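All values reported here derive from a predicted model rather than from experimental measurement. In the text below, chain A, chain B and the rest are named by the order of the sequence lines, each starting its count at 1. Side-chain atoms are counted along with the backbone in the values below, which use heavy atoms only and exclude waters and symmetry mates.
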Amino acid sequence: MARPKLAVWKFSSCDGCQLTILDCEDELLEIAGALDIAQFLEATSEVKDGPYDISLVEGSITTAHDMERIKAIRAQSKVLISIGACATAGGIQALRNFADVEDFTRAVYAHPEYISTLAQSTAIADHVQVDFELRGCPVSKHQLLELITATLAGRKPHVPRASQCMECKRAGAVCVMVSQGTACLGPVTQAGCGNLCPSHRRGCYGCFGPKETPNAVALSARLAAQGATPPQLRALYRSFNAGAADFATESRRHD
Amino acid sequence: MTERVIEVNELARVEGEGALYVRLNGRQVERVEFKIHEPPRFFEALLRGRDAMEVPDITSRICGICPIAYIMSSSQAVEDATGVAVTPDIHALRRMLYCGEWIQSHVLHAAMLHAPDFLNLHDAIAIAQVNPDLVKKALRLKKAGNMLMEVIGGRAVHPVNTRVGGFYKAPSRQAIAAMIPELDWGAQAAREVALAFAGFTFPQDETDYIFVSLIHDTLYPICEGRIGSNRGLDIPASGFNDHFVEEHVARSNALQGRMRDGSPYLVGPLARYANNYHLLSEAARQTARDCGLGEVERNPYKSILVRMVEVQYAFEEAARLARAYQEPSPAFIEIPHRAGVGHACTEAPRGICYHRYEVDAQRRVVMAQIVPPTSQNQPQIEADLARVVAANLDMDDAALQWRCEQTIRNYDPCISCATHFLKLTVERV
């Protein structure tokens, strides 16, 4: 049987999620054995035409050209999976969605007229149908391997939608909000990173985006009672997943 | 008269989206453009108004391959702006972490992205079919670099444990000591890979580069020292804008760096090595000699060997720092709310990464300037391409295109950083 064809695509991003594939050092040669890597520009100069069985898409849509490109990729892909905060929520570059992009262009470039960009940075799912979204800034290597394995087996990947708090409790990590009074997005953020920040005595800063049905209003009230100011609350929700609806709405309440 | 165009629209085995366009009129090279298409992400603009403490977490997202470079340059620049000096223990831990980034980034580039060029193969998977042991060794080396990033930084891509002023939590002495055997193995294995790569056939090419890097009295510079060159430049980071300029050209979403007099210059392993050869360990210098490298190397294709020499050095240096490790206490220095302007420059794997921040009395960012290495190398990459094309006019288009792409990859260009990378068009008019 022919091996399934894998394509990896990049849009506006830092390359960190694609790099996570190459960071699977122990599994990389096995992955390359199980899949026909047909398109992965960061890793190979061999490019095979579509259609593709699985497309992994990194990055957000920020140009008119990329709006067209993602449609062409969707048309050639049986399964399309977006990986990482840029692809699932617009990434850190979605901070422009809360500002005037022309001001941004003038702040960075001497000749703003050379720059062509959209006013908003948006998720892949805002443009085409997406079969699965893998969260994270960056994605977790373990979840990525589970996703590839599940997709090859034709089953649903086991990626919990519960909160970061659940992950901390299971690991027996000390709550930084209770013990240190540190602001933490854990109660409203999806688990998956391996409770990295609380185990380093810092608050979660939301790399994995909002959990299912988050109660951000209640969290903000608690943080305000601990002394957080409206600008601090706004900044907390407005980072790598600023464009995710639940975080965007909550950040706007503190404008 | 024959016209010839060579065009590559999407360059492979580089980090980001870029392209190349070469136009020849007979034997005359008319145009050489290295274009960066990576869509702009406006980091300097989106940092304005943020608490300066957030800057390293945000700027790390400029590049998933070299987040430490952004974290360290921005942390040190904010410390400079607010008048804070970190302790020697904190600095030593930063240097050990940065060694991890050099290792994983250099091995990724040298073994997986650049080596295929010398073997006429498309990727490292194809190398694994003919030489599985070499690729497995390279993967283990890369993993050892990521081990440093994970043990000290908490995560290989976008570490979480770093902050302005130091670290959230100092790793335990046991956790650091447990890495030593693998670091010792890495130093030896890096030498073996360097010697294996030294057997490649290297295209003949040399030019008298202006090499710009950090320089230092006692340490091969990573995140300390002044900015210097092989033309006698010796300035603090705060003097960067007096000697270098960034231009915005139509074909690129990245700004291009030049010396004030307009000359292109080179940053990265070749420059660090040429300016600081005497500061490498004796073992790393021995590997360099055994690979046939001079004390100054002007053949850009041999940058792959210099990278592996630096990997060996980074393993030795990380092991030395691990043996001497004292848990920094406190793990970080508090950053005051104080207005100021700060500068810092550190050595990203691809070359110097300069940051400047203006901070107000509420510690908010008023102005940010970030100059990544690939922006600085762009004019030199175009100069190299023009020279290489002119010297190889008799190659057919396919061979010339391969050579051009290889020339660009000599720089390990990070287009995500410079905004991102590549299309090659060679037009023979």
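When A/C137, A/A235, A/G16, A/A43 are compared by the number of non-hydrogen pairs under 4.5 Å with chain B, A/C137 comes out ahead. Interface remark: of the candidates A/G91, A/P231, A/G59, A/C207, A/C207 forms the most heavy-atom pairs closer than 4.5 Å to chain B. Contact tally against chain A (heavy-atom pairs below 4.5 Å) for B/Q104, B/E246, B/R48: the top residue is B/R48. The choice from A/L41, A/T63, A/T20 that makes the most heavy-atom pairs within less than 4.5 Å of chain B is A/L41. In terms of heavy-atom pairs under 4.5 angstrom with chain B, the leader among A/D26, A/V47, A/D66 is A/D26. Of the residues considered (A/A94, A/S12, A/P138), A/P138 shows the highest number of contacts with chain B, using heavy-atom pairs under 4.5 Å. Between chain B and the options A/R202, A/H200, A/E46, A/Q93, heavy-atom pairs under 4.5 Å are most frequent for A/R202.
Looking at A/Y52, its side chain does come within 3.5 Å of a backbone N or O of A/G50 through a donor-acceptor pair. In terms of modelled atom types and a separation under 3.5 Å, the side chain of B/H355 and the main chain of B/P372 share no donor-acceptor contact.
A salt bridge between B/R364 and B/D51 is absent, with no side-chain N of the basic residue lying under 4.0 Å from a carboxylate O of the acidic one. With respect to the salt-bridge test (charged N to carboxylate O, under 4.0 angstrom), the residues B/E182 and B/R140 qualify. With respect to A/D23 and B/K142, a salt bridge is recorded, a charged nitrogen being found less than 4.0 Å from a carboxylate O.
Heavy atoms of B/R50 lying under 4.5 Å from chain A belong exclusively to its side chain. For A/A99, no part lies near chain B; criterion is any non-hydrogen pair under 4.5 Å. Contacts of A/F98 with chain B are absent, with no heavy-atom separation under 4.5 Å from either backbone or side chain. Of the atoms belonging to B/I370, not a single heavy atom falls under 4.5 Å from chain A. For chain B, no part of A/S60 is nearby; none of its heavy atoms comes within less than 4.5 Å. Only the side chain of A/F240 comes within contact range of chain B, with heavy atoms under 4.5 Å apart. Contacts of A/C17 with chain B are absent, with no heavy-atom separation under 4.5 Å from either backbone or side chain. For B/L46, the parts lying near chain A are the backbone and the side chain together; criterion is any non-hydrogen pair under 4.5 Å. For a residue to count as touching a neighbouring chain, one of its non-hydrogen atoms must lie under 4.5 Å from one of that chain's; by this rule A/L95 touches chain B with the side chain only.
A donor-acceptor pair shorter than 3.5 Å can be found between the side chains of B/S74 and B/T59. Between the side chains of B/R356 and B/Q369, no donor N or O sits under 3.5 Å from an acceptor N or O. Side chains of A/Q164 and A/T189: no donor on one and acceptor on the other come within 3.5 Å. Looking only at atom types and distance, the side chain of A/T117 has a donor-acceptor partner in the side chain of A/R96 under 3.5 Å away. Side-chain contact annotation: A/S251 with A/R238, donor-acceptor N/O pair under 3.5 Å present. A/T62 and B/R41 share no donor-acceptor pair across their side chains, judged by distance under 3.5 Å alone. Using a 3.5 Å distance cut-off with no hydrogens or angles, the side chains of B/N146 and A/E25 do pair a donor with an acceptor.
A/G203 approaches A/T182 most closely through the heavy-atom pair N-CG2, 3.5 Å.
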*Give the intermediate values and the outcome of side chain to side chain donor-acceptor pair (under 3.5 Å) for residues B/H122 and A/S45.*
CA-CA 5 Å; B/H122 279 300; A/S45 44; 2.9 Å; yes

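For residues 156-166 of chain B, the interface with chain A (any heavy-atom pair closer than 4.5 Å) comprises B/A156, B/V157, B/H158, B/P159, B/V160, B/N161, B/T162, sorted by residue number. Interface residues of residues 27-37 of chain A toward chain B, defined by a heavy-atom distance below 4.5 Å and sorted by number: A/L28, A/L29, A/A32.
For A/R69, the CZ atom is densely surrounded, since the number of other residues' heavy atoms within 6.0 Å is greater than 12. For CG of B/N120, the number of neighbouring non-hydrogen atoms (other residues, nucleotides, ligands) closer than 6.0 Å is greater than 12. Residue B/H337 qualifies as enclosed at atom NE2: its count of foreign heavy atoms under 6.0 Å is above 12.
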